[in-house]
K.L.:
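The structure is given below, and queries will be raised subsequently.
Scope of the values below: all heavy atoms of this structure, side chains included, with no hydrogens, waters or symmetry mates. Each chain gets a letter, A, B and so on, in the order the sequences are listed, and its residues count up from 1.
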Amino acid sequence: MNYPYLQQFRQSLVEWFHQEKRDLPWRNTKDPYKIWVSEVMLQQTRVDTVIPYYHRFIDKYPTIESLANADEEELLKMWEGLGYYSRVRNLQAGVKEVVEKYGGTVPNNRHDLQKLKGVGPYTAGAILSIAYDLPEHAVDGNVMRVLSRVLHRTEDIALPKTRKIFEEAVEQLIHPEYPGDFNQALMDLGAMICTPTSPKCLLCPVREYCLGFMEGDAEQLPVKTKKTKEKHIYYDVYIAVNDGKVVIERRPREGLLANMWQFPMIEKNKPSDNTKEAFELSYNVKIEKILKENFFEQKHVFSHLIWYLRCHLVEIEKTEKTPESVRCVTLKEMESLPVPVPMIKILNFLNQYIFYSWE
DNA sequence: AAGTCGGGGCT
DNA sequence: AGCCCAGACTT
């Protein structure tokens, strides 16, 4: 690797971690199950966002068996608002596999771990090093940023093959006596000191051993190419009321926001399209009265697409024949189901709206 | 290698 | 308005 500060780097980094590490709820345990839960929650998600979810989740599912036996819809509700909902479905699948194949004991080797649903190279390395004290790499975007600066590497971290370069680097750098602390130290350094913009190099415990700092271009690293442009999709959303209840539907079991509940949505080919007839046909309902057209507009940004929602309040005639995925519920009942954030925002507006219309 | 999959916080 | 975040899975 030709990095001359290997010993000093690992030593200084771990010593700094022992002094300055963040006090996080999943750091009070060595239970591999709880470490696993925390790592899945933390995928592409900030620490501050995860903390309350982690407490609620572990409180409800304190053991691996309790999660294996959990109700799917209840589980999805526990994940509501965290995003990337396939994570929780994969987590339960992986946990079930551990209960069935390994008697409830989380595997302590990379080969078996990475075969579990939802466990990739990073999560496997995190569990192995933190819960089992094994010298395994756990390379995420955070670590790639830090090491691209420390080692002054200019490979594009957006490319899958680049991760291997940093994994091999960590295999050499990792502290053999404190592998878990070393990996977590890299993360804390990335979160507190070696931040994406404006890194606090003057406070950095390994500044003397950072090739990027020596070159004076640490802040320009890492090199990362841009992602593809997002798509724009326009929908009419129908709040269809009858006898104090509204129509909702369950999204398909796979894909975006899988299995979550929402108000009926009809895609518009042009933002100016009228979709009332399409709504009546698709959901086998008849609009009796339009109570309020376009009462709420919302733009919702996902990773790779943008929804533009125009919400309409309509009264419908009583309906009988609807598919299993469609229900009529009160707003209160809807709040007990897993609902994606854009629908929660509509729900909140409706509750406000109803409140004011009573004045 | 590129696309899919959330949501929020920061600059 | 764009970028990033304790990534994994599918094609």
Side-chain angles (χ1 to χ4, degrees), chain A residues 21-22 24-27 35-54 76 79-91 93-94 113-131 137-147 156-164 166-167 170 180 182-192 194-199 219 222 224-231 251-252 254-260 262 298-307 338-345:
Chain A
K21 64 179 170 185
R22 292 174 289 178
L24 303 173
W26 45 89
R27 287 183 175 169
I35 307 291
W36 184 1
V37 169
S38 74
E39 292 300 341
V40 172
M41 285 187 171
L42 286 161
Q43 290 168 7
Q44 296 293 285
T45 310
R46 294 173 190 289
V47 165
D48 291 339
T49 304
V50 166
I51 289 174
Y53 283 90
Y54 175 82
L76 192 53
W79 210 267
E80 180 187 271
L82 252 190
Y84 286 155
Y85 298 97
S86 65
R87 287 185 293 176
V88 71
R89 193 177 47 196
N90 290 338
L91 174 61
L113 266 180
Q114 281 193 210
K115 281 200 291 191
L116 299 172
K117 269 288 195 315
V119 179
Y122 166 76
T123 303
I127 294 171
L128 291 170
S129 63
I130 299 171
H137 58 76
V139 173
D140 60 358
N142 217 343
V143 169
M144 286 197 284
R145 180 180 64 254
V146 171
L147 291 185
D156 180 5
I157 67 166
L159 272 51
K161 62 176 181 182
T162 304
R163 201 191 68 236
K164 294 179 183 170
F166 291 106
E167 286 174 349
V170 170
F182 178 87
N183 282 337
Q184 293 181 89
L186 282 178
M187 299 171 199
D188 276 18
L189 193 70
M192 300 191 288
C194 199
T195 47
T197 59
S198 316
E219 193 168 357
K224 187 175 186 180
T225 56
K226 287 169 187 146
K227 57 186 177 210
T228 55
K229 214 173 65 179
E230 62 276 8
K231 291 170 189 161
R251 294 181 61 86
E254 292 189 348
L256 184 68
L257 304 172
N259 284 333
M260 301 189 89
Q262 65 180 16
Q298 193 194 153
K299 171 184 170 184
H300 191 80
V301 180
F302 296 89
S303 313
H304 58 301
L305 51 88
I306 303 178
W307 279 5
V339 174
V341 166
M343 294 296 150
I344 291 178
K345 288 180 178 169

K.L.:
Nearest-Å distance, CG (A:Asn259) to P (B:dG6)?
P.N.:
11 Å
K.L.:
Quick one: is A:Lys231 getting a side-chain N or O under 4.0 Å of the B:dT4 phosphate, OP1 or OP2?
P.N.:
yes
K.L.:
Round to a whole Å and report the spacing from CH2 of A:Trp307 to P of B:dG6.
P.N.:
9 Å
K.L.:
Go through the structure and list residues passing side chain to side chain contact (heavy atoms under 4.5 Å, CB included) with A:Pro196, not counting sequence neighbours.
P.N.:
A:Arg145
K.L.:
With a 4.5 Å heavy-atom cut-off, do A:Gln298 and A:Pro342 have their side chains touching?
P.N.:
yes
K.L.:
Checking A:Arg22 against A:Gln184: is there a side-chain donor and acceptor pair closer than 3.5 Å?
P.N.:
no
K.L.:
What is the distance, to the nearest angstrom, from the CG atom on A:Leu257 to the P atom on B:dG6?
P.N.:
5 Å
K.L.:
Considering heavy-atom distances to DNA chain B, does A:Thr162 or A:Val301 have its closest nucleotide positioned more toward the 5' end?
P.N.:
A:Thr162
K.L.:
With nearest nucleotide decided by heavy atoms, which residue, A:Arg87 or A:Thr225, maps closer to the 5′ end of DNA chain C?
P.N.:
A:Thr225
K.L.:
Calculate the interatomic distance between A:Asn90 atom CG and B:dC5 atom C1'; express it in whole Å.
P.N.:
11 Å
K.L.:
Taking only side-chain N and O atoms of A:His304, does any of them lie within less than 4.0 angstrom of OP1 or OP2 on B:dC5?
P.N.:
yes
K.L.:
Which pair of heavy atoms, one from A:Gly120 and one from A:Gln114, lies closest together, and at what distance?
P.N.:
O-CG, 3.8 Å
K.L.:
My understanding is that only one of A:Thr195, A:Asp188, A:Leu186 makes a side chain to side chain contact (heavy atoms under 4.5 Å, CB included) with A:Val146; could you say which?
P.N.:
A:Leu186
K.L.:
A:Leu113 vs A:Leu116, test: side-chain contact (heavy atoms from CB on, under 4.5 Å). Steps then yes/no.
P.N.:
CA-CA 6 Å; A:Leu113 266 180; A:Leu116 299 172; 3.9 Å; yes
K.L.:
Listing time: all N or O pairs from protein to nucleotides 9-11 of chain B that are below 3.5 Å?
P.N.:
none

K.L.:
A:Tyr84 has a side chain; which of B:dC5, B:dA1, B:dG7 sits nearest to it?
P.N.:
B:dC5
K.L.:
For the residue pair A:Glu80 and A:Tyr53, what are the closest heavy atoms and their distance?
P.N.:
O-OH, 2.7 Å
K.L.:
Please give the distance between the P atoms of B:dC5 and C:dA6 as a whole number of Å.
P.N.:
23 Å
K.L.:
What are the bounds, 5' to 3', of the part of DNA chain C that sits under 4.0 Å from heavy atoms of chain A?
P.N.:
C:dC3 to C:dC9
K.L.:
Which value, in whole Å, describes the distance between the P atoms of nucleotides B:dG3 and C:dC3?
P.N.:
16 Å
K.L.:
For side-chain hydrogen bond (donor to acceptor under 3.5 Å, both in side chains), just list the numbers for A:Gln262 and A:Arg251, CA-CA rounded to whole Å, side-chain angles, deciding distance to a tenth of an Å, and then say yes or no.
P.N.:
CA-CA 7 Å; A:Gln262 65 180 16; A:Arg251 294 181 61 86; 2.9 Å; yes
K.L.:
Looking at every heavy atom in both A:Ala158 and A:Lys224, which two are closest together, and how far apart are they?
P.N.:
CB-CG, 4.1 Å
K.L.:
Starting from P on B:dG6, measure out to CG on A:Leu305 and report it in whole angstrom.
P.N.:
9 Å
K.L.:
Please examine the side chains of A:Trp26 and A:Val37, heavy atoms only from C-beta on, and report whether any two atoms are closer than 4.5 Å.
P.N.:
no
K.L.:
Using atom CZ of A:Phe302 as one end and atom P of B:dG3 as the other, report the distance to the nearest whole Å.
P.N.:
19 Å
K.L.:
Is there a side-chain polar atom (N or O) of A:His300 under 4.0 Å from OP1 or OP2 of B:dG7?
P.N.:
yes
K.L.:
If we take the P atom in both B:dG8 and C:dA8, what is their distance in whole Å?
P.N.:
23 Å
K.L.:
Return the value, rounded to whole Å, for the distance between atom CG of A:Asp156 and atom P of B:dA2.
P.N.:
9 Å
K.L.:
Figure out the CE/C1' separation between A:Met260 and B:dG7, and round it to whole Å.
P.N.:
11 Å
K.L.:
When you compare B:dG7 with C:dT10, how far apart are their C1' atoms, in angstrom units rounded to a whole number?
P.N.:
22 Å
